[in-house]
Amino acid sequence: MILLQFSAGCGDPENFDNHRLLMSSNMNSRSLVCAPCNCAQMALADTIIAYQPDVDKHAGVLAYELVQGNLVQWNSFMDKSIPDPPTAVLLHGILGSRKNWGSFAKRLAQEFPMWQFLLVDLRCHGDSASTKKRGPHTVAATALDVLKLLVQLRLTPRVLVGHSFGGKVALSMVEQAAKPLARPVRVWVLDATPGKVRAGGDGEDHPAELIEFLRRMPTQVSSKQEVVDVLVKEQFSMDVARWVATNLRRSSPLGQQPSSSFSWTFDLNGISEMYKSYEDTNLWRIVENVPRGVHINFLKAERSLHRWALEDLQRIHTAEEFAADEGGGVEMHVLEDAGHWVHADNPDGLFRILSSTFRIETTIRGMQD
């Protein structure tokens, strides 16, 4: 398996043709050298090839990783005579990052070695937070960011997988663009409905309340445990508190002991706007008039903190029947023994459900070839 990691900078795909990548091989390792910046990374064969460019060099590019199965010819980026491998895009939710999908993507790449998986840090999140984006920070603007990245990478994905907020982003991508999305394209919306968001019921953590509380906290803290303790004291769950603390990074060199040494990796003001847009955005129109060649899968977590109303389920089942007559597809799935964090709560179950898509698409591609 090969993993390519990019932020804006020397690995910027917009200027990719200007960068000479040289590859030398032996039985144990591979080396990629980016000639203009002399950045070289060594990695074990079939494990990781990584770029660590300057994130401020080219504003507007999202940070991402490309996880490839070991049957993917990595240099198809540079030699377009090599057919592009089938690509899936994995999108995280609010207050998440591409790292949320890291282990799961590697597992998919091992099971489906002809595929590659694009993991993206959405605007205001992760390494993309340092690349300032113009507002308003909406679901539609976030989807357009990802579409632009696909154009820059010259990728036409066959599968889009979005968790929570990322699910609505995937739907918005289908609505906004005929290309660079393939036809057929399969979309997975994980524990999110197309319309009204019903979160935080029955004593569960409410994302909007969490975001607003984090905005009131100091921008720098002395330790991750300090954040966990404060959140738990404020009645947020331990699981959510620990998860939020993973978004802290050390802001001072190791060995120094300043009073404040960790800061957030995200733009909380922008994220606040994004969550409001998530609540306000209604994408039922794309589900109830699904384009030909598009198959939309909804996955409901059995113990979801996002409450699914009977109305939502009925509308999806009605859309299933209509889409089948129109050359598209809508399908409903339930992931047992899982809360909202589906890829952490029941990764094995999620893997089994999603695997069907990659097997189908691999078979279709084989028949076309």
Side-chain angles (χ1 to χ4, degrees), residues 5-9 41 48 50-57 59 62-65 91-104 119-133 135 137 142 163-166 199-200 203-276 278 305 339-341 343-345:
Q5 179 175 329
F6 297 83
S7 298
Q41 296 288 336
I48 295 176
Y51 295 83
Q52 299 285 358
D54 177 0
V55 296
D56 298 322
K57 199 167 186 180
L62 295 176
Y64 67 94
E65 293 176 11
L91 305 172
H92 63 79
I94 286 289
L95 294 176
S97 75
R98 68 183 191 266
K99 294 178 182 178
N100 297 157
W101 283 111
S103 297
F104 197 87
L119 286 57
V120 182
D121 276 343
L122 301 177
R123 63 165 59 201
C124 303
H125 291 74
D127 290 332
S128 293
S130 61
T131 302
K132 298 303 179 184
K133 292 283 187 180
H137 300 295
T142 306
H163 174 242
S164 195
F165 177 88
E204 296 279 3
D205 299 301
H206 195 294
E209 294 176 358
L210 175 60
I211 293 166
E212 291 311 305
F213 183 79
L214 293 177
R215 290 176 72 188
R216 296 194 300 269
M217 289 190 67
T219 57
Q220 291 192 325
V221 294
S222 59
S223 70
K224 294 184 178 182
Q225 188 61 45
E226 175 187 341
V227 171
V228 172
D229 293 343
V230 169
L231 289 174
V232 171
K233 184 177 179 180
E234 291 296 320
Q235 305 302 309
F236 293 101
S237 69
M238 177 63 76
D239 286 345
V240 166
R242 288 173 174 166
W243 168 68
V244 167
T246 65
N247 290 289
L248 288 163
R249 67 163 53 127
R250 188 174 293 276
S251 53
S252 57
L254 286 171
Q256 296 185 13
Q257 300 294 329
S259 58
S260 297
S261 57
F262 288 86
S263 58
W264 296 113
T265 61
F266 40 47
D267 172 2
L268 284 167
N269 292 327
I271 287 174
S272 180
E273 281 188 55
M274 292 169 75
Y275 186 78
K276 186 176 188 309
Y278 174 59
L305 64 85
H340 181 61
W341 314 108
H343 36 10
D345 290 348

Check your understanding: Would you call Glu273 and Lys276 a salt bridge, using N to O less than 4.0 angstrom?
Key -> no

Point to revise | Sidechain-backbone polar pair: Ser263 side chain, Thr219 backbone, donor-acceptor under 3.5 Å | key: no

Check your understanding: Taking the inter-plane angle between the rings of Trp341 and Trp243 on a 0 to 90° scale, is it parallel (under 30°), tilted (30 to 60°) or perpendicular (over 60°)?
Key -> tilted

Review point. Are Lys133 and Leu62 close enough, and set up right, to give a side-chain contact (heavy atoms from CB on, under 4.5 Å), and what steps lead you there?
Key: CA-CA 10 Å; Lys133 292 283 187 180; Leu62 295 176; 4.1 Å; yes

Check your understanding: Do Tyr278 and Ser164 have side-chain heavy atoms sitting under 4.5 Å apart?
Key -> yes

Exercise for review: Give a yes or no answer on whether the side chain of Asp229 reaches the backbone of Glu226 with a donor-acceptor pair at less than 3.5 Å.
Suggested key: no

Practice item. Take atom NZ of Lys99 as the centre, draw a 6.0 Å sphere, and report whether it contains more than 12 heavy atoms from other residues, nucleotides or ligands. Key: no

Check your understanding: Are any of the side-chain heavy atoms of Leu231 and Val240 separated by less than 4.5 Å?
Key -> no

Check your understanding: Do Phe165 and Thr142 pass the side-chain contact (heavy atoms from CB on, under 4.5 Å) test, and can you show the C-alpha distance, the side-chain angles, and the key distance before you say yes or no?
Key -> CA-CA 10 Å; Phe165 177 88; Thr142 306; 3.9 Å; yes

**Study point:** Pairwise distance CG(Asp239) to CG(Asp345) - rounded to 0.5 angstrom
**Key:** 8.0 Å

Review point. Would you say Ser251's side chain and Ser261's backbone share a donor-acceptor pair under 3.5 angstrom?
Key: yes

Exercise for review: Hey, could you give me the CD/OH distance between Glu212 and Tyr275, rounded to the nearest 0.5 Å?
Suggested key: 11.0 Å

Point to revise | Value rounded to 0.5 Å, distance of CZ in Arg249 from CZ in Phe262 | key: 12.0 Å

Practice item. Locate the shortest heavy-atom distance separating Pro218 from Val221; write the atom from each residue and the value. Key: O-CG1, 4.2 Å

Revision key, fill the gap. His343 and Asn100 have their tightest heavy-atom pair at CD2-O, 4.0 Å

**Study point:** Minimum-distance pair of heavy atoms, taken over all atoms of His92 and Leu122
**Key:** NE2-N, 3.0 Å

Review point. His137 side chain to Ile271 main-chain N or O, any donor-acceptor pair under 3.5 Å?
Key: no

Practice item. Evaluate the side-chain proximity of Trp101 to His163: yes if any heavy-atom separation is below 4.5 Å, no if none is. Key: yes

Check your understanding: Rounded to the nearest 0.5 Å, how far apart are CG of Leu214 and CG of Leu95?
Key -> 6.5 Å

Point to revise | Main-chain N/O of Asn269 paired with Ser272 side-chain donor or acceptor, under 3.5 Å | key: no

Exercise for review: Show the numbers, then the answer: is there a side-chain contact (heavy atoms from CB on, under 4.5 Å) between Asp267 and Met274?
Suggested key: CA-CA 11 Å; Asp267 172 2; Met274 292 169 75; over 6 Å; no

Practice item. Flag the pair Val227 / Met217 as yes when at least one side-chain heavy-atom distance between them is below 4.5 Å, and no otherwise. Key: yes

Check your understanding: Which class fits the ring pair His125 and Phe266: parallel under 30°, tilted 30 to 60°, perpendicular over 60°?
Key -> perpendicular

Review point. Can you check whether Ala63's main-chain N or O pairs, donor with acceptor, with Asp121's side chain at less than 3.5 Å?
Key: no

Check your understanding: How far does SG of Cys124 sit from NZ of Lys132, to the nearest 0.5 angstrom?
Key -> 7.5 Å

